[in-house]
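Here the structure is a predicted model, which is why all the values come from computation and not from measurement. Chain identifiers are assigned alphabetically (A, B, ...) following the order of the sequence lines, protein sequences preceding nucleic acid strands; residue numbering begins at 1 within each chain.
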Amino acid sequence: MSPSPSPSLSRIPFGAGGDDREVHDDTSSSRSDLGVGGGTAMRLVVPLQGVVQGRGGLVLGSVIPCALFYFFQLYLRRKKPSSSPPTSPFPSSGDLPSLSVIPRTTSRSFFSPRSGSLPAPVSSHTAAANKSDACPLSAGHRRFVDDPYHPTSNPDGVIQLGLGNNQLLLDLVRDWLERNVNASLLKGRNEDMGLGGMETYLQYDGLMDLKIAVADFMGQVLQGSVSFSPSQMVLTAGAASAIETLCFCLADPGQAILVPSPYDSEYEMNIKWRTSVDVIAVPCRSTDSFNISVAAIERAYNQAKKRGVKVRAILFSNPSNPVGNLLKRETLYDLLEFITEKNIHLIFDELLVGSVHEENNTCMNIAKILDAEDFDKSRVHMIYRLSEDLSLPHIHVGVIYSLNDSILASAAKFARFSSISVLSQRVLVTMLSDKRFILEFLHLSRARLINMHRLFARGFKDLNIDCVNGDGGFRCWVDLSKFLRSYSVKGELEMWEKLLDSAKVNMMPGSSCRCIEPGWFRLCFAALSENDVDVVMGRIRRAIDEGHKI
Amino acid sequence: MSATAEASKLLSRRVTCNSHGQESSYFLGWLEYERNPYHPLSNPSGIIQMGLAENQLSLDLLETWLADHPESTDFKKAADEAGSSSLFRDLALFQDYHGLPAFKQALADYMSELRGNKVSFDPKKLVITAGATSANEILAFCLADPGDAFLIPTPYYPGFDRDLKWRTGANIVPIHCSSSNGFRITRHALEQAYKHAVVKRKLRVKGVLVTNPSNPLGTTMSPDELRTLADFIEDKKSLHLICDEIYYGTSFLSPGSFISSIKQVVDGRPHLSDHVHIVCSLSKDLGLPGFRVGAIYSDNELVAAAATKMSSFGLVSSQTQHLLSAMLGDGDFRRSYTAENKRRLRERQRRLVEGLRNTGIECLESNAGLFCWVDMRHLLAKTGCFQAEMELWKKIVYDVGLNISPGSSCHCSEPGWFRLCFANMTEATLDLAMHRLRDFVERDEAIRRSHRRPPGPAIIARWVRRLSSKRRPLMQLSR
């Protein structure tokens, strides 16, 4: 903010001009560079030829112009990528080596006006998005929508284990909504906050009431061990936009964010697609139970540095999606040291209710960090997946929590593009303030989550299949590699297709999560009921038995 | 702490740059208003907000409907009505970003009805977004790569600088319209802007964006203007046309007559259908800004598919969609609301125009929107430049106590125009605003009269002023 309004004011009408001048200057200077380059080249060639010919060196006379021409070409090619904007290849989960038929580089030229094949050229974002429809995630979901499983009405339908929708407590939430929504809305209308008071233009980042309720709720789940400040929060319409917003804040196009792999297949879309920020996967291995080590992160960081890519942050999901691990306390402290040393940011993408698997397990990393001393907390940011955590698939709220004021300020401005309906905010305020409901919710949630984990672990043990014994989350990460016909991504996709075709179970293949070891699959069980677990296990058993026979 | 300062330096250029325009006078006026807001009882001398294009004239109609239809917010009844496939079951099946089919259908019906049922909208081609802001940004992301440009006729909504440029890296090149023809878009102006973008600034032009009805002018586009635009898009082959029609429902012409929509023009030229994208919203039409519901309508399948995926970065809660589908699905309410809302807007607009006329201030003749485009050129200081406009604006904000938007914040090429909103306040507040303005103008005139000079130099001064105001656009571009 400028101290006095007048200088910045008078600049406004020309602000656009000022901005654009940079672009203008850029192009004109690059053009004049080229002009000079070409001109001097020509001017050089002729006298050189003369000199050389004068001494009778016909060979040299032809070599020098050729060399100049070659270097000129080289110069042009070098120049090109820097002047053209960075393309953002669409980060679809299905952009697997075996599936991506169209080479990435064609997307731009294909849609450029000069090619003439399409009358209305669109951006690289659009071009990239439309390549992604062939990915296993979309294909599997389409199969599910066409033929959804239902225990009584469609027992032979497709069971969807690929989507991460948490519906474990949908019944509880639904009952609450049915009882309360009407009342809460009417109450809102009589107060200052009624329809007439919805001047939300200046608070895109969420109503203060909701921020207070969310902070209280988070404190309640962590049993008061940490207190959260509502003023350190920005609310967005869904976790996807919370992640994207942070990426917009932290990194410029071409810079990178390190993410331990396997990671959530949606990350690439959230991080890369519109921001043009790169994702660098830091592979974790089954031998370490897919736990991350700071050594691996350092290796990835150094490799990126060698390639000239600037790393701006590390992003973790916690409990890790898809594996289900929680970050170990020692690793966390090593990480904090690492990011301080390298001067980068750390982002945690966290669940709260969903990650409490063992009792008395304070799981949230940010909670530990808020307690930590002697540490610059302004470089750690949290994304909290509120709607997923609360089994609220139809009210989309993501939370950004940060102690960095400038990031908060800009995230609040970006929230303009993803603000939440005031109606939904008011419903959530009422729900989160209903302490009795929240207590019941937390109790039931934990019980059901532990139960589901137990059922799945037992089921896979009976099938003699290994699965990572996760600490939380709504997912199971299983190893089917011994059933693969060929130990490769191709073999994994064959397996996925077989499970979808014959067993009618849609899981997510590990390659969609950028897992480097083929044969791992992610199963989301949060949309299942207890009775469905046996059905799933039975189907997997049959598919495996069939595979053995062949 | 030095470490903190160091870490905060590690932000992206988008954050540290200033292209979001948050520092513009448009927002400064708002900050001033926030500090000292008018209230009839607690702060009668505070600043009256006339910079907020919000419709609060017909909220009572919405509230009555909500009170009469409790089932629209009731999840249980919703489930019963839909039979076995309850709302919750649907939610489990659908991926978030496709939008509730019932809501999309209701919205498509509503959009056709607003346009006199002369055009029809296919609900499958609608993309639901979190407000028109997000819709515009998504379209910019879909159509333009960083460095590409959009042409926009001036004066334009100040927020576009942020919505279209900030995160997308796209540019805006103004199409200069002048008061001499009521700020209408001409082929000449379009060609000039295009030439300027392509030849002078070396930008790849991706499209033209227009608001119809216009924000800030409050005027609607004539069929001729729409044809000019369509011709231009057609001749240039590879351009897109974004029509922001978020004020469509506010056009308060005489009942029974409808303003023309770009959709009509496109229906007559099917080969253009892939090039034209319409943005609409319920914030202005229905007066529900808090619900944050906007939409993109596009025949272009590539764009619609990409926009649908992008809408996952700003989702509208299904509960909100459910309520609105009930509200918009009620045909009788929809029609009576639209008619009554337009009647009230017309009445209110006339009140503002009358009030200004009594003060000796004229407005651009308008027939839509929640604001008027007001001509205060005669109140500017002798120099008549943009600096004079800023001085006048400051006087009006700080001394008169009205937060209005100066034309320069809308990139108007002529100084002395202001946007005044009239639908976000009560009648009494509007009258008070007019009263304050009249006092100010009278005082101002008294001062002017006492400083009156012989006529000779004045004519020369006026001549110089006219010259300088004509050259203004050129200077602006070269800066």
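In plain terms, the two heavy atoms of B:Leu315 and A:Ala237 that are nearest each other are O-CB, 3.4 Å. For the pair B:Phe313 and A:Ser241, the tightest heavy-atom approach, listed with the atom from each and the gap, is O-CB, 2.9 Å. Between B:Lys206 and A:Val122, the shortest heavy-atom distance links the atoms NZ-O, 3.6 Å.
Counting heavy atoms of neighbouring residues, nucleotides and ligands inside a 6.0 Å radius, atom NZ of A:Lys310 does not exceed 12 of them. In this structure, B:Glu301 places its CD atom where only 12 or fewer heavy-atom neighbours from other residues, nucleotides or ligands lie under 6.0 Å away.
Heavy-atom distances place no part of A:Thr236 under 4.5 Å from chain B, backbone and side chain included. Contact of A:Ile344 with chain B is made through the backbone alone, with heavy-atom distances under 4.5 Å.
When each of A:Ser424, A:Ser419, A:Ser421, A:Ser418 is tested with B:Arg292 by the rule side-chain hydrogen bond (donor to acceptor under 3.5 Å, both in side chains), just one qualifies, namely A:Ser419.
Side-chain contact check for B:Arg162 versus A:Arg416: some heavy-atom pair is nearer than 4.5 Å.
Taking the side chain to side chain contact (heavy atoms under 4.5 Å, CB included) definition, one finds that B:Ala307 meets it with B:Val127, B:Ile138, B:Cys142, B:Ile296, sequence neighbours left out. Checked against side chain to side chain contact (heavy atoms under 4.5 Å, CB included), B:Thr154 has the following partners two or more places apart in sequence or in another chain: B:Tyr156, B:Pro174, B:His176, B:His411, B:Ser413.
Contacts with chain A were tallied for B:Asp60, B:Thr320, B:Thr129; B:Thr320 has the most, counting heavy-atom pairs under 4.5 Å. Note: B:Arg167 leads B:His240, B:Glu391, B:Met310, B:Arg167 in heavy-atom pairs under 4.5 Å with chain A.
Relative ring orientation between B:Phe141 and A:His125 is described as perpendicular, the plane-to-plane angle rising above 60° on a 0-90° scale split at 30° and 60°.
A centroid separation of less than 6.0 Å is found between the aromatic rings of B:Trp166 and A:Phe414.
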Chi angles and distances behind the side-chain contact (heavy atoms from CB on, under 4.5 Å) call for B:Ser312, A:Met269: CA-CA 10 Å; B:Ser312 63; A:Met269 178 182 152; 3.2 Å; yes

